[in-house]
Amino acid sequence: MARRLFQLYTGLALYGVSMGLMVRADLGLEPWSVLNQGISRHTGLTIGTVTIVSGALILLLWIPLRQRPGLGTVSNVVILGLVMDATMAVTPELASLGARIPLLAFAVALNGAATGLYISARFGPGPRDGLMTGLHQRTGRPVRLVRTCIEVTVLAVGYLLGGSLGVGTVVYALAIGPLAQFFLRRFAINDLTAEPSPVVARGGTSPERAILPE
């Protein structure tokens, strides 16, 4: 339990750091951050605050989908936004492309490691992953299709609101799956490998295949 809690909160904290660093790299964000940044620009709220609020609102959608949040779900809602804002507060804006490109690469790699840490702890999915798996279970559509539809919609709305869409968005989309798969194996807790996954119940399918691009 101690190791699981350590992995959960370390992973969530690092995930928030990676999100803040991607904003500072200013080369494009992952889909949900594009949306949150767009909303932030129209409301005056920080992107971290919008991330918290949007996560809480997404949890409300779990009710008709009959999804049950876990400790990791609630922690995800609160921690990501707080750490994201804190990271941006201590990280200056960068003008040099020579500094922004390595920062983007580091942020994406860190995001993959953070994903492996907190998911391997198995305390429940984040609100956005739970939305995806809930829609998958209710509609019977493939996880890949449900994930793609959600993220394309989120990305389009975020871009129209002024969110940052760019090469970083593409890099993230191509790299996060392989990175997270690698780190999920790296941080797996052997005592939990035989247990049903609390991330998604899908007929024996591993949690990493359920929430990451297949």
Side-chain angles (χ1 to χ4, degrees), residues 1 3-16 18-19 30-33 35-36 51-84 110-151 153-154 172-173 176-189 192-214:
M1 181 60 72
R3 177 180 170 182
R4 291 174 64 200
L5 288 170
F6 175 79
Q7 287 197 193
L8 171 66
Y9 289 109
T10 301
L12 290 176
L14 293 179
Y15 201 106
S18 72
M19 293 167 67
E30 51 87 19
W32 284 102
S33 289
L35 176 62
N36 292 334
T51 299
I52 293 171
V53 173
S54 66
L57 292 176
I58 290 169
L59 277 184
L60 295 179
L61 298 177
W62 283 33
I63 298 174
L65 295 175
R66 298 178 183 177
Q67 297 292 291
R68 289 181 294 180
L71 175 63
T73 309
V74 178
S75 299
N76 182 296
V77 171
V78 177
I79 291 176
L80 294 192
L82 292 177
V83 175
M84 187 178 190
L110 182 63
N111 191 279
T115 299
L117 274 169
Y118 92 81
I119 291 176
S120 294
R122 299 199 180 191
F123 277 110
R128 296 155 189 85
D129 293 325
L131 174 64
M132 177 192 63
T133 54
L135 287 172
H136 156 69
Q137 292 168 3
R138 296 289 286 177
T139 65
R141 300 296 183 182
V143 169
R144 180 186 298 176
L145 176 62
V146 173
R147 181 186 179 97
T148 300
C149 289
I150 291 174
E151 295 200 347
T153 301
V154 165
Y172 183 90
I176 192 59
L179 283 170
Q181 295 279 9
F182 171 78
F183 284 110
L184 278 163
R185 290 190 292 268
R186 185 73 177 83
F187 297 126
I189 300 175
L192 298 179
T193 54
E195 296 180 7
S197 168
V199 176
V200 56
R202 195 159 74 100
T205 301
S206 64
E208 60 268 28
R209 289 185 62 81
I211 68 168
L212 299 170
E214 297 178 350

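Here, residue 1 is the first one in the sequence, and each next residue gets the next number. It should be emphasised that the depicted structure is a prediction, and the values quoted were computed from it without experimental measurement. Just so it is clear, the values below take in all heavy atoms, side chains as well, and ignore hydrogens, waters and symmetry mates.
For Arg186, the CZ atom is loosely surrounded, since the number of other residues' heavy atoms within 6.0 Å does not exceed 12.
The distance from atom CE of Met132 to atom CG of Leu145, rounded to the nearest 0.5 Å, is 12.0 Å. Rounding to the nearest 0.5 Å gives a distance of 8.5 Å between OG of Ser33 and CG of Asn111. Rounding to the nearest 0.5 Å gives a distance of 9.5 Å between OH of Tyr118 and CG of Leu184. Between Gln181 atom CD and Ile176 atom CD1 the span is 10.0 Å, to the nearest 0.5 Å. Gln67 CD to Leu61 CG: the interatomic distance, rounded to the nearest 0.5 Å, is 11.0 Å. Residue Leu179 holds its CG atom at 10.5 Å from CG of Leu110, rounded to the nearest 0.5 Å.
Residues meeting the ring-ring contact (aromatic ring centres under 6.0 Å, His included) test with Phe187, sequence neighbours left out: Phe183.
A side-chain donor-acceptor contact under 3.5 Å links Ser54 to the backbone of Thr51. A donor-acceptor pair under 3.5 Å is formed between the side chain of His136 and the backbone N or O of Arg141. Between the side chain of Thr73 and the main chain of Pro127, no donor-acceptor pair closer than 3.5 Å is present. Here the side chain of Ser18 pairs a donor or acceptor atom with the backbone of Tyr15 at under 3.5 angstrom.
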Exercise for the section: Carefully, step by step, assess Ile189 and Arg3 under the rule side-chain contact (heavy atoms from CB on, under 4.5 Å). Expected result: CA-CA 9 Å; Ile189 300 175; Arg3 177 180 170 182; 3.8 Å; yes
Exercise for the section: Could you please spell out the steps behind the side-chain contact (heavy atoms from CB on, under 4.5 Å) verdict for Ile52 and Leu82? Expected result: CA-CA 8 Å; Ile52 293 171; Leu82 292 177; 4.0 Å; yes
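Within the 4.5 Å cutoff, side-chain heavy atoms of Arg138 are placed close to those of Arg66. The shortest distance between side-chain heavy atoms of Trp62 and Pro69 falls below 4.5 Å. The side-chain heavy atoms of Leu71 and Leu5, taken from C-beta on, include a pair separated by under 4.5 Å. Proximity of Trp32 to Ile58: side-chain heavy atoms (C-beta onward) are separated by under 4.5 Å at one or more points. Within the 4.5 Å cutoff, side-chain heavy atoms of Asn76 are placed close to those of Arg128. In this structure, the side chains of Gln7 and Ile119 stay at 4.5 Å or more apart for every pair of heavy atoms. The closest side-chain heavy-atom distance from Arg4 to Leu8 is not below 4.5 Å.
For the pair Ala114 and Gly11, the tightest heavy-atom approach, listed with the atom from each and the gap, is CB-O, 3.2 Å. Nearest heavy-atom pair across Val154 and Pro31 is CG1-O, 3.3 Å.
Of the candidates Leu131, Thr133, Leu135, Leu135 is the only one forming a side-chain contact (heavy atoms from CB on, under 4.5 Å) with Val146.
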